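Comments concern the structure below.
In this chain, numbering begins with 1 at the start of the sequence shown. From a predicted model like this one, the values you see are computed outputs, not experimental measurements.
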Amino acid sequence: MTLAGLFSLTGLLMLGLPGCGLFVTGGRMLFGDPAETPPFEAVTDVDLTDGDHTVLVLATSPELVKAKFPEVDQEVMRRVSRRLRSAGVDVALGDRVLDWVEERGGVWSESHLGPIAEEFDVDYIIVIELDRFDWHMPHSPDLLQGNSGGWIRAYGASEDGGPIAHVMGGKFESVYPEHRPESTLNVTEKVFRERYLDRMCTQASQRFIPFHQRDTVL
C-alpha cells in the first residue's frame, strides 16, 4: 500500500471516531502505540536506555520473607537486572554484586551505597526493598495469590566521589491475580511463584525503562 493510500484509509476510518479519539487512534494506526516515559526519566531527565549510564540493582527483604523464600533478594536482583539489560540499560554484573554483599555477611545498608557505587563504578543504584512477598491467601493454603509491597528507590553517584544522593523513590504494591486467586488444583505453588515473581519484577523495571501502554503491569 502506498503512503497516500495509507493516509486515505486512516482518514476514512477516523471519520467514524468522535472527538480527540479520532487523532489518537489515527496516530496509533500510523505510528504504533507510543512508549510511556518511566517515572525515573520523568524525575531525572535521564534515559537509562541510551547506554550512557551504568546501573546496579540491589534488593533486600526482612528475615520473615527470606525464611519462606531464601533466594528472594538474589532472584529480584537478577530478574530486574535482566529486564533492564534487555531494554538497553548498561547494568553491572549481578553475581559480582552478590559476591561483594556476601563477603560482608550478606548485610548492607544505605551507608554502604557510596562504597558500592565506587567499587562497581556505577552512576545509579536501584534499591528494591520488599516489606512483604507471599503467594498464599491468608488461612487458605490451597489458594494462591501473589502479594508484595515495599519501596523502590534510586540513588545517583557523585562524579567527584562525593556522597551518593537519593534521586527518586516511591511505594511499591503488587497483587496478582487481583480479583480471584488460583487454586493449587490448577497450578503448582512453584510454577505460580515463578510466574508471579516474573510479573512483579517486570512491574518494578517499568519504573526505569520505557514501556508501551498495552504492556503496563499494574
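In this structure the side chain of Val65 never reaches within 4.5 angstrom of the side chain of Leu130, judged on heavy atoms. The shortest distance between side-chain heavy atoms of Leu144 and Pro181 does not fall below 4.5 Å. Annotation: side chain of Glu119 is not in contact with side chain of His112 (no heavy-atom distance under 4.5 Å). Residues Ile125 and Val55 have side chains not in contact (no heavy-atom distance under 4.5 Å, counting atoms from C-beta outward). The side-chain heavy atoms of Met77 and Leu58, taken from C-beta on, include a pair separated by under 4.5 Å. Between Glu182 and Gln145, the closest side-chain pair of non-hydrogen atoms is not below 4.5 Å.
Closest of all the heavy-atom pairs between Thr49 and Pro210 is CG2-CD, 3.7 Å. Between Ser148 and Phe133 the shortest heavy-atom distance is CB-CD1, 3.8 Å. Contact detail for Ile209 and Val89: the closest heavy-atom pair is CG2-CG2, 3.7 Å. Shown here for Asp73 and Thr60, the closest heavy-atom pair between the two residues is OD1-C, 3.5 Å. Shown here for Ile164 and Gly114, the closest heavy-atom pair between the two residues is CG2-N, 4.1 Å. Residues Ser61 and Val72 share a closest heavy-atom pair of OG-CG1, 3.4 Å.
Just one of Val80, Val91, Asp90 meets the side chain to side chain contact (heavy atoms under 4.5 Å, CB included) condition when paired with Arg85; it is Val91.
Side-chain contact check for Glu189 and His136: at least one donor-acceptor pair (N or O, by modelled atom type) lies under 3.5 Å. Using modelled atom types, one finds no donor on one side chain facing an acceptor on the other under 3.5 Å when comparing Arg199 with Ser174. Using modelled atom types and a 3.5 Å distance limit, the side chains of Glu110 and Tyr155 yield a donor-acceptor pair.
Under the 4.5 Å side-chain heavy-atom criterion for grouping Ile, Leu, Val, Met, Phe, Trp and Tyr, Val43 is connected to Val167 within one hydrophobic cluster. One hydrophobic cluster, built from ILVMFWY side chains closer than 4.5 Å, cannot hold both Met137 and Leu197; they sit in different ones. With hydrophobic clusters built from ILVMFWY side chains whose heavy atoms lie under 4.5 angstrom apart, Val191 shares a cluster with Tyr176. At a threshold of 4.5 Å between side-chain heavy atoms, the hydrophobic network of Ile, Leu, Val, Met, Phe, Trp and Tyr places Met200 and Leu64 in two separate groups.
Between Arg132 and Glu173, at least one side-chain nitrogen of the basic residue sits less than 4.0 Å from a carboxylate oxygen of the acidic one, meeting the salt-bridge criterion. For the pair Asp131 and Lys171, the salt-bridge criterion is not met [side-chain N within less than 4.0 Å of a carboxylate O]. Under the 4.0 Å criterion applied to side-chain N and carboxylate O atoms, Arg207 and Glu41 are not assigned as salt-bridge partners. Note on Glu75 versus Arg79: salt bridge recorded, some NZ/NE/NH1/NH2 to OD/OE distance being below 4.0 Å.
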Take Arg153 and Leu113 through the side-chain contact (heavy atoms from CB on, under 4.5 Å) test and state the conclusion after the steps.
-> CA-CA 12 Å; Arg153 300 181 175 93; Leu113 296 182; over 6 Å; no
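More than 12 heavy atoms of other residues, nucleotides or ligands sit less than 6.0 Å from atom CG of Asp50.
Between Phe208 and Tyr124, a ring centre-to-centre spacing not shorter than 6.0 Å is recorded.
For the atom pair Asp123 CG and Leu48 CG, the distance stands at 9.0 Å (nearest 0.5 Å). The structure places CG of Asp142 at 7.0 Å from CG of Leu185, a figure rounded to the nearest 0.5 Å. Taking CZ of Arg82 as the reference point, atom OG of Ser205 lies at 11.0 Å (rounded to 0.5 Å). Distance check, rounded to the nearest 0.5 Å: CG of Asp134 to CZ of Arg193 gives 11.0 Å. If you take CG on Leu84 and CD1 on Ile126, they are separated by 5.0 Å, rounding to the nearest 0.5 Å. Atom CE of Met168 is separated from atom CD1 of Ile152 by 7.0 Å, given to the nearest 0.5 angstrom.
Stacking of Lys190 on the aromatic ring of Trp135 is not recorded, the 6.0 Å distance cut-off and the 45° axial limit not both being met.
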